[in-house]
Each structure stands twice: as structure tokens, then as C-alpha cells.
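The chains referred to below are lettered A, B, ... by the order of the sequence lines, with proteins before strands, and numbering in each begins at 1.
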There are 2 protein chains.
Amino acid sequence: MYHEIANDIINKINQGDFDTKLPTEQELMARYGVSRNTIRRAIDVVYQRGLLRRVQGSGYYINRQPSASKAIMNLSAGTGNAMHSAETHLTSKVVTFDKVNVDHEYARLMHVPDGTEMYRVVRLRSLEGELYCLEQAYFLTKLIPVLTVEAVNDSILTFLKETYAITPTSSDDFVSVEQLTADQASLLERPVGDSVLCLSQLNYCGNGTFFNYSITHYVYPGIHFYFHAAPLASN
Amino acid sequence: MYHEIANDIINKINQGDFDTKLPTEQELMARYGVSRNTIRRAIDVVYQRGLLRRVQGSGYYINRQPSASKAIMNLSAGTGNAMHSAETHLTSKVVTFDKVNVDHEYARLMHVPDGTEMYRVVRLRSLEGELYCLEQAYFLTKLIPVLTVEAVNDSILTFLKETYAITPTSSDDFVSVEQLTADQASLLERPVGDSVLCLSQLNYCGNGTFFNYSITHYVYPGIHFYFHAAPLASN
DNA sequence: ATTGATTTGTTCGTATGTATC
DNA sequence: GGATACATACGAACAAATCAA
């Protein structure tokens, strides 16, 4: 219930249906026909997405979002949704698609046993003809017995959702500056050793089990990662 | 109330008081003498910090945290708390401490009028003798009429908390790779044009008003930013 | 400047649904 | 199937911050 309401509010905000403030809780309760607790829970979701700031005694104010540049990748909503924002316009060229048994180093990164079998998908992604990133992703074959070529060429996440009902619900994210290896550099048409933004993600699905690791190098000019930190507070 | 409980649980987790699971909600209710709603609210806070994964019908499992390397900066808890983790061991050398009227470019970044008066604090920070980062911070003099030399040499955030009851509650964060200017390079003892990790933060306090902007260049070897994304879910 | 109404923040109690064991 | 444990929802009350008369 509160999920639907949260999504509805998010969509309305993105459509600009509200001016600067959200309606009051009372009005939202009436509009959706639910209790105050449910409305507040829905608003928690929206707030945690960074779309609102809340002021006691006054109301919920809509945050001006950071300039929606193609060069800004929003990581606030978690992996699943970050994909939808800018990544919908990305085109992919599959470089590698096979099964591998991960070596010791990768196994340690993912906290899986040495030699665990995984799908490996390497994709070169572009935005309107300009190289965007080189993505190297691994999926547990134990959880995802079959991964099709169509899915890899299209959207892997929607395939996983539709076929296996697997959706990333949480992730561990590491950001660093890395220097391109010869292989990476040639694919990305960059000098060897060039310093680029690098994002490593460990993705977990509903019940908290690990299912995917990916490491992505971003070369799009002026690329930034953005996220809004709005802890539920505790100090 | 739920803030204190959340903090207590966080501390207990960090001390290793629990093995792999948290006690059940029932037991926590009894232990803290509060209702289930309050316990769940507290657990929401802990969860959102990335310390737990929740499995319906089973329990709350404690996440193994990423290796607590000095080279990993945890951004999950929001600005205020990220400071406490690794930054307590940082030593600061103040490079610049003055008042300025921000120019057009900076004013636009911060969404304040041109020429707004702000404190400027530039600090070179080290970890155990090794250069860590170069931090350039701006504070609205309108909100913080007086900022002392002692505070700048020590912890600015605790000063703001104790003196003005100002604590960052949310922030907009931008991560990018930047090349060092001549000034930055000489301070950081690096070659000019060296590519380093850069973090820009807009910090907001309780009622959602902006009070601080900072841009920090990190040069610590192997530095990584870490954050755990655990949305309240909405899909 | 004080008061009173509005609006969000916190906490309690209770009931029912759903996943796990 | 039954017991346990977390997820969701409703209703109610009071506190605290804001705002307008």
C-alpha cells in the first residue's frame, strides 16, 4: 500500500504536479483514503530518496534536484532505480558473455567460495554515440540458471525481475579512481593508465543474499556521481 | 527515545555484542521497555545505516562491514557521522581561515545570492603523518556569526553542535575525478594535473536550511568511498 | 508579544498478513 | 500444520515547531 502511494507521490513530484510543498498529511490521508501512519511511511520513502525536506510545524518542501545533466549519475535510489534514470538511454555493446569460475581474488571480494561458477558479462555502454562506461558484471549461476543473449543485450535487471523475481534491494558500493589497463584502454579508446572514476557494487536481493557483483569504469566527460544522504537521524 | 535505542544498538553491534543476529523484536521490546513500533523505528535507523539485513520470518542479521581500512571512507551514515569513524584520527593543518564574499560561480553552486558572506576554511589533513586530503569549506556567517580559531584547528562540527546546536542532517554529495591545480598540487606534494578523487558536499541542518559547502580532494593511497544503499523499497 | 490553530514528530495499543523454521 | 518472527495497517493521544491573527 505505502509503496504504491510513495511511487505515486514520486511520479507526481517528477511531473511537477506540486509547486514547492506537498499537501499536508491530512489532505494526503483523505486523498488516498489511508491512515496517517501509512501516509507517513510513504513519505519516509520519498524523503529517503532525497526528494523532500521535512519541517516540523510547517510542511514537506520539495527539493530542487541537481541539474539533470547526463554527466550526473544518481545513486540515491539504490541500484535498481539508478538504472532507470539515465541508463534507459544507454546503448550496450556486449564484449564478453560467458561462464567462469571466479579466481581467489574475486571470490574474496564477493565472499563466495573459490571457483564459484558465475556468468560474466562485459559491456561497453554509450550515451548518444559517446562512450559512457565499461561494465564488467558477474551473476551467480546458482541463483540465475539461465541468462539469455537477449537479456544481456537489453536490460539484465528487468530480465531478472520478470524471470526470477530477483530485484536488487540493497548494495555495497565502492568508489575510487583507477588507471586503465591496456585492455580497458583499447576498448574505451583512451590512453593506457588514464585515471577514471570506478564504481564497484555488490548487489543483494530481497532476503539479503548476494547475487551480483559489478565493476564499472566511467569515461563520460565530466561524469559525476550524485547521492543524497538523508539518514533517519540518530544523534 | 528511538534515537537512543538506535545508537545503543549501533554501539553494541560495533562492539560485537551480538553474534550474527539481533535479538527478536519481542526481546528488544522487553529489554528497552518500549512498544513494538518504537523498536521497529529504531531498527529502521540501524538498517538504513547498512548494519543489518532483515529477513521476514527469520530475523535481523548483522552485515559484515567492509574491511575497516583507513583507505575506505564510509559515507553511509551521512556527513555528521562519517566524521566520527575515520576522521577522528585525522590531524589538520589550517592553510587559510578568513571571511570572503562568494563569487558568482560559487554562489550558484550553493544556491545563495552573489556576494554572500561566508567563512572560508582550507585545511590540509593527514592520517598518521601521511597526507590524506585537502578540504576547502565554506560556512554561512549569517547562521554562524563567530567561528573560532580553536574550532577550526579542532573539530568544526562539534563546535557548531555545542555552540549553535547546528548538526548536519542531510547532504547533497557529488563525487568526481579532478585534476590538481598548481596551488593544490604544491600543498598536497603532488604533480600538477594529478587525477584525484574529489567530493563536493552541500550540508543542510535540521530545518532543511543550507549552512555549509565543502570541496575535498583526497590523495591518500588507495582511497575508496564506501556507502551502503538500502532504500526503504518502493518497487 | 501572546495566543491559538495548523502541521509534523513521537509513542502507544491492536489487529492481521506473510515468510521462515 | 503449528509456532515464531517480521511486515503492514488502523486508531488515538500528546509533544513540539511553525505560522498567522
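Shown here is Lys12(B), whose NZ atom has more than 12 heavy atoms of other residues, nucleotides or ligands within 6.0 Å.
The nearest whole Å value for the distance from the CZ atom in Arg41(A) to the P atom in dA7(D) is 9 Å. The distance from atom CD of Glu4(A) to atom C1' of dT8(D) is 12 Å, rounded to the nearest whole Å. Counting to the nearest Å, the P atom of dA16(D) and the CE atom of Met1(B) are 15 Å from each other. Distance, Asn37(B) CG to dC6(D) C1': 13 Å, rounded to whole Å. The interatomic distance linking Asp44(B) (CG) with dT11(C) (P) rounds to 13 Å, in whole Å. One atom, CD of Gln26(A), and another, P of dA12(D), lie 12 Å apart when rounded to the nearest Å. In this structure, the CE atom of Met29(A) is 15 Å from the P atom of dT6(C), given to the nearest Å. For Ile39(A) and dT7(C), the CD1 to P distance is 15 Å, given to the nearest whole Å.
Residue His3(A) places no side-chain N or O under 4.0 Å from the OP1 or OP2 atom of dA7(D). For the OP1/OP2 pair of dC6(D) and a distance below 4.0 Å, the side-chain nitrogens and oxygens of Arg40(B) include no atom meeting the criterion.
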Q: Apply the test side-chain contact (heavy atoms from CB on, under 4.5 Å) to residues Leu28(B) and Val34(B): give CA-CA distance (whole Å), side-chain angles for both, the deciding distance (0.1 Å), then the verdict.
A: CA-CA 8 Å; Leu28(B) 291 172; Val34(B) 295; over 6 Å; no
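Geometrically, Arg53(A) does not engage Tyr204(B) in a cation-pi contact, judged by NZ or CZ lying under 6.0 Å from the ring centre and within 45° of the ring axis.
Note: Tyr218(B) and Phe225(B) meet the aromatic proximity criterion, with ring centroids under 6.0 Å apart. Under the 6.0 Å cut-off for aromatic ring centres, Tyr138(B) and Tyr119(B) do not qualify, their centroids lying 6.0 Å or more apart.
Taking every heavy atom of both residues into account, Ile223(B) and Leu197(B) meet most closely at O-CD1, 4.1 Å.
A heavy-atom distance below 4.0 Å to DNA chain D is reached by these residues of residues 50-62 of chain B, ordered by number: Arg54(B), Val55(B), Gln56(B), Gly57(B), Ser58(B), Gly59(B), Tyr60(B).
In this structure a side-chain-to-backbone donor-acceptor pair under 3.5 Å is present from Asn63(A) to Gly50(A).
In the set dC12(C), dT7(C), dC10(D), dT7(C) carries the atom at the smallest distance from any side-chain atom of Thr24(A).
If you check distances only, the side chain of Arg36(A) does reach the base of dG9(C) with a donor-acceptor pair under 3.5 Å.
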